[in-house]
Every structure is written in C-alpha cells, then in structure tokens.
Protein chains: 2
Amino acid sequence: MAFSLARLARQPALTPRALVGLARRSLQSEAAPALRPLSAGHLEHHLTDKPRALTPNKDLVFGHTFSDHMLQVEWTADAGWGNPRIQPYGKISLEPSAVVFHYAFECFEGMKAYKDAKGHARLFRPDLNMNRLLRSTGRVALPSFEKDQLLECIKELVRTEKRWIPSGKGYSLYIRPTVIGTQETLGVAPSNRALLFVICSPVGPYYRTGFNAISLNANAESVRAWPGGTGDFKIGSNYAPTVKIQLEAAKRGLQQNLWLFGKDHQITEVGTMNCFVLLKNEQGETELVTPELDGCILPGVTRDSILGLAREWNEFKVSERKITMGEVKRAAQDGRLIEMFGAGTACIVSPIKRIQYMGEDIMVPLDPSDPTCQAGPITRRLNDELLAIQYGEIEHPWSVVID
Amino acid sequence: MAFSLARLARQPALTPRALVGLARRSLQSEAAPALRPLSAGHLEHHLTDKPRALTPNKDLVFGHTFSDHMLQVEWTADAGWGNPRIQPYGKISLEPSAVVFHYAFECFEGMKAYKDAKGHARLFRPDLNMNRLLRSTGRVALPSFEKDQLLECIKELVRTEKRWIPSGKGYSLYIRPTVIGTQETLGVAPSNRALLFVICSPVGPYYRTGFNAISLNANAESVRAWPGGTGDFKIGSNYAPTVKIQLEAAKRGLQQNLWLFGKDHQITEVGTMNCFVLLKNEQGETELVTPELDGCILPGVTRDSILGLAREWNEFKVSERKITMGEVKRAAQDGRLIEMFGAGTACIVSPIKRIQYMGEDIMVPLDPSDPTCQAGPITRRLNDELLAIQYGEIEHPWSVVID
C-alpha cells in the first residue's frame, strides 16, 4: 500500500479533519521513515522454568489446553515491529480503553502442526495462512508484516513446543496466530499500537469414533456476509454475530447453521466451514461444487486443498460456482444428490446428512454400501487423503517438515 | 429469552452435538438454577489513594484521558453476576485465548454526563443506552443484565467521578459501558464468562471554534450493514471493518464515508453517525428525512432526540423513510436541498457541505444568510436546543439530574 497506514496511525487522536490532513501529507511525501520490519533474526527465547505436564490424548478438548510458550511481537506506528519473543504462555494486560475491546480490531488464523511416523514435526500449507493473515490485517487497518519472517518465528515456536504435538493419527497441535489493536483511545481510527501473538493448543481428532454426520438449519433470514462486506477475511467481526444464530439452530436440534444468501437462497458456508456438494447435475455429469470466492466466502485452506485433490483425481467435474438450495432440493428429489460436507482446518470434512429448509427435510445420502458409516465414499476419501498428506504418509509439497 | 443461554454457556467445550444436547435439555426443563442478578445494592467502593490531576479543558482530546475510577462486574455462566465494583482505573488481564481477542465478543455504549449551571451532574436519556446495550449483549450471545441496576451503578460511578466532569458548555464526561466475553477457549460458542466495565473520559466540545462542515465520499462498493446482519446493534464487529474505508475517503480529501446500500444507493449512515437530510421534497413540502430503522441503521439516541424535537416543533414534515442518492442529487440540482448533517453522541450534529458521488460533487447549502457559519439554521437550532436540554438550561424529562 503506497499510502502509509503506519504514518496515519502514528498520530494519537485523529479527528476526521486531521485524518484528511495526514492522508494528504502522506500522499505528498512517500519517503516514510523506515519502520522496523518483523524479523525472525531478532527472535528472543525466554523459556519457562516451570514446564507443565502434558494432557493425555484422551482428555484433549478443542482449544482448551495450551502449551508452555507463546510467540509475541509488539508493533507501534512510530517504530514498527519489536523483537519477536518466545515466552511463557501467560496473560495479556491491556488498558480498558484498548481498541480491541471496543471496535473489534482483531484477526486470526487457524493452522496445525502434525507429528509424522518418524517423529518429525510438519505444517500444512502454512504459506496460505500467512497470506490470509496479511490480507486480514489490512482489512481491519492493523499493521502489515513480513510473511516469511512470521512463518519462521512460528516454526521456531513449534520446534520449541514439539513435545506438545500429540502423537497419533488425527492428533495435532492447533496453532492460533492472532493480531489485535491495542491503542488506548476511544477514537475509531487506525490503531497506533498492535500485538501479534501465537498460541498453541494440543487437539484430538474431530471424530473419535468414526464420522458423525450433522444436520443443518438452512437459514435465509440471518446473513453471514454481504457483497462489499468482510466475509472473505478471517477477522473477529465475522464470528460473534454467528453464535446466536447457531444457538437458534441448536434449539431446533440442528448442529449447524447453513448460511444462505440472496432471494435465490444461494448456499454460502456451513457453521464456520466452507461447504461442498457432490451431485449428478442437470446435465447428467457428476460434479463436486463449492461456492466461488465472490467476496462472501472465506478462502479456506482445506477448501483449496479439496479442490486441488479432486482436480488431480480428474474423476468428476470440479466447480467453484453459485449453487442454490433449489438446485440441491431438486437433486435430492430426483435422487441426484450424492454427498454433502463442510470443510475446515478443525475437522477436515464434516459430513452432512440432513438439511431443514423451509419446513422440509432434505436428506443427504451417506455411504449407501455401509449403513454404519456416517460419511459418503468421496467425503471419506478426501478426508483420508488429506490426513495422509498432513501426516507425511504420502509425500506431497503441501506438507512441510520443519525439524 | 426462555431458552437459557447461561445454561448453554456453562458447559466449557461445546461441540455442535453437545450444543444441541444442551439446548434440548434446556428446553425440557426451564426451571434453570437461579443465577445471581446484577445488583446495585451490592456495589462495592474501592477508591484510589492516588487521585490524579485533572486535565485542563484546553488539552482534552476525545477518548484519551480517563478518570480515576472504573466500574467493573464479572459474570460467569455458573453463578451469574458478581458484585459491581467501583475501583481504580487500571489494566484488564486476560489469557491470550480469551474469546474477545478472537471472535469479537464485545459490545458497548456511548453516553455523557454534563455539569449544569448549578453544578449538578446530569445524564441524557440514559435509559435508551441501557436498552440498547441489553439488545447488543443478546445479539453477540453475551449475558443479559438488570438495566435499572446497571444504570444505578453508572450513576454512582459518575457521582464518584464528579470532579472529572469538566465545566463549561460543550464539555462533558464521556461514559463508555462495555461488555466483553472472557472465556478461555478457542471454540466458537457462547462465552461462559464475561466482564462488564464502564470507563469515563472527560471530553471537550466537538467544535471549539464554530461548526466545521464536512465533505463526504458516497461509497456504493463498501457496505456497512445488510438485511439479516447486525447494523442495528452497537457491537464491536460493526466498527473495525469501517476504518479502512474511512481511510480511503480521507485519501481523497473527504472527512467521512457516506454509507450507501442497494442498487438504488440508499443513504444509510455517515461515518459512525446517523444521517439527516432537510429538503423541499418533490411534492413541494419541507421535509426532514432520516433513514428508517430497517435493521441496517443504528437506533441512535441523538437520532431519536432530533426526531422528537423536530416533531414537537411541528414546522415541517419529519420522516423516517428510505432516501436515495438519486433523490438528494435531484434536490440539489433543483435547488431543493436545504441542509444535511450527521448526528451522534460525540458531536450532536455534524453539518455536511459536499458529497462526492459517482465522480461528481453535490453541494449542500450551509447558512445562506451567514457565509461564515458552517451549518444551516435548522442544523444549528437542533444542536443548540439539544445542548440546552443536556445542560439543564431548558428543563426537559430527557435530562436526568443524578446528584
């Protein structure tokens, strides 16, 4: 961005008029003072002298246990990035006026570290998470950073926390990079201070006892994202508003909300996952469909990986396109709906068995050959192949050995 | 809400399946255990022994100086509300996993305390702020609270901080009630812990040297709010995404973004304010128009008060209805556009002089009789009458003496 956000944010109290003045001056002279970049070369290690006991695999609950250390880097509009620090996991102290508490200056990523059969730690397509985090910080006026340098710091954090990566297929160390605005003011303006932190949580497989297909509430009243909005960014703003709607689905016995958009009830996302439909389309072709990235859809890493695998297989048509509830309903009525699933980092795939829509139940087939299995064959195969890549059983450039 | 959010949130780790189970049980037995209500009767005073020096009026910058004390109340899903505490203004310490940092579980209010000519402290329609905060907490799955009890606590906070209310017309103590979710987990589910806090910041008049009319960027590409979204709630999610768009307006020398909606470019809000247009309409009537509360518009206290005053005056038509850029542009071309302004707690009114729209400049008249004044006569009169009520110069039920 030619326009210096950092310079704008440096001014503590920006009235609209001051903002315009600064913006003008910034445009006139682009020789901004050099701000310190984020540099893995300056990473400091401040290790705990009280390492904690590991949680047994059987007791792991998603996002509840955290490892001994976290990565932390402070940014100021005057100086840029400070030294990254690997330091004991611990509290963050902020003034009650910190803008993160008021205006949702916050964005995050979700990624995982896996332990392979030889005991090496692996990441899965971490470059995509860094790219997306950088897009997200830009969207909520938080600072830019050096993607490759942050990734190096994260790798070092994972190496430091290697004993926290649980062993066993399906187990992993969930990694949560987060950036928050910490300026102590009530003005709605770019934050002149920020904190980037990364915490790690050992997690178990999403399905401990085989797949559990979910039922959805297809909801046309509540809308997750809108053209010209922020649905394609991983920012805090997109999440809290969804919880009430998820609860309303839960009240009706449905595990997730299926987010629709528009008068034609386009399918967008399911819960906090991307959505996939496998069907025989009206032209008689077998087609795997996921909504296109039109600005309302999160560009999921799992989404992209599923599209990549399915295209490599080259066994059926793979499409990123608009798909409506009407099309799904007609396919179900005609016996052309084959499988349907959500996709995300936490679960990889989440098979769908039923959609409640306009007072009707649309049933989605699972495995017709095995009534005990709650996932269709393609859903299962995508899951198994992605898992095999993530754990290094299949060598693939997506899986990055880091130690 | 018959459905017990508190009970749902009490469970630490809610998988979609567990959520449904809890929702079902909650619906079956509505005899929820009694959670402790928020009670002003339990208010504790823990006063500072280091009161700070007041900031001189001339040095006050919006939202930068804070008073000696804050109000703080903790909530847990198991126990309900703890004792409210007036305690020294100070940092909040949270685990890095606290949900407020990741998913924007946060909402707030903006209100002011005024010192009248007799030295009494006054609030302005504080019941409306309490009503709106309660709506906001419900929307982001944060706990319900007793509105009248919270207001009593806030009154007591203001009485405690009375020396921090600056004297002088236009000066006031800005009050910021905030509720954040503090559960320490990465699951996207109702927070089983929350913190309500209220901080106070002495502020000066928005216009120190007479009105400064602003120029707007009318923006049809970026959308602040949409049907089925959250534009009518005062939640953090609605703010961070607007800052980048405001910066883009600033880059073009325009102080605020005018948020449009729909193919017909309906006017919705301006910056973080409600928007008013005074025009001679196509039927030849003088009409004050503000967009109706259709779910995309914040129900502003100043908005409601301006509508109330103008209806009391009964001198022109007062409408809450859809108004498009096309209508405003035609009115300007025909010489029927009379005045236009933003309205909010910080500024009361913010006169508008120019709108950049589709590559054209639409000029809005200010005071035709006084070229040195940057506000139209009705804008000024509304501002002056509201100020007079707020400072008790005109006795009015909207202004509440609290000491």
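To find a chain, count down the sequence lines: A is the first, B the second, and so on, and within it residues start at 1. In this text the structure is predicted, and so the values were computed from the model without any measurement.
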Greatest number of heavy atom pairs closer than 4.5 Å to chain B - which of [options]:
options: Tyr89(A), Phe105(A), Tyr103(A); value: Tyr103(A)
options: Val99(A), Thr230(A), Val100(A); value: Val100(A)
options: Ala225(A), Ala220(A), Ser201(A), Ser215(A); value: Ala225(A)
options: His102(A), Lys234(A), Arg224(A), Glu221(A); value: His102(A)
options: Gly90(A), Gly236(A), Gly187(A), Gly110(A); value: Gly236(A)

To the nearest 0.5 angstrom, please state how far the [atom1] atom of [X] sits from the [atom2] atom of [Y].
X: Met70(B); Y: Gln87(B); atom1: CE; atom2: CD; answer: 6.0 Å
X: Gln246(A); Y: Thr272(A); atom1: CD; atom2: OG1; answer: 7.5 Å
X: Leu142(A); Y: Ser191(A); atom1: CG; atom2: OG; answer: 6.5 Å

For the backbone of Val270(A) and the side chain of Gln256(A), can you confirm whether one donor and one acceptor N or O come within less than 3.5 Å of each other? no
Kindly say whether the aromatic ring centers of Tyr239(B) and Phe108(B) come within a distance under 6.0 Å.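 Centroid distance Tyr239(B)-Phe108(B): below 6.0 Å, so yes.
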Heavy-atom pairs under 4.5 Å with chain A - which of [options] has more of them than the others?
options: Pro96(B), Ser222(B), Ala98(B), Gly63(B); value: Pro96(B)
options: Tyr174(B), Phe66(B), Phe101(B), Phe197(B); value: Phe101(B)
options: Val179(B), Ile245(B), Val140(B), Ile92(B); value: Ile92(B)
options: Ile180(B), Thr65(B), Leu94(B); value: Leu94(B)

Given that the side chain runs from C-beta out, which part of Ile199(B) has a heavy atom under 4.5 Å from chain A: side chain, backbone, both or neither? side chain
Less than 4.5 Å to any heavy atom of chain A: does that hold for the side chain of Arg139(B), its backbone, both, or neither?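 Both backbone and side chain of Arg139(B) come within 4.5 Å of chain A.
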For the residue pair Trp226(A) and Phe261(B), categorise the inter-ring angle as parallel (less than 30°), tilted (30 to 60°) or perpendicular (more than 60°).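 Ring orientation of Trp226(A) relative to Phe261(B): tilted.
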Steps toward salt bridge (Lys or Arg N to Asp or Glu O under 4.0 Å) verdict (Glu248(A), Arg252(A)): CA-CA 7 Å; Glu248(A) 286 165 2; Arg252(A) 302 170 58 184; over 6 Å; no
Under the 6.0 Å and 45° cation-pi test, does Arg135(A) pair with Phe233(A)?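 Pair Arg135(A)/Phe233(A) counts as cation-pi.
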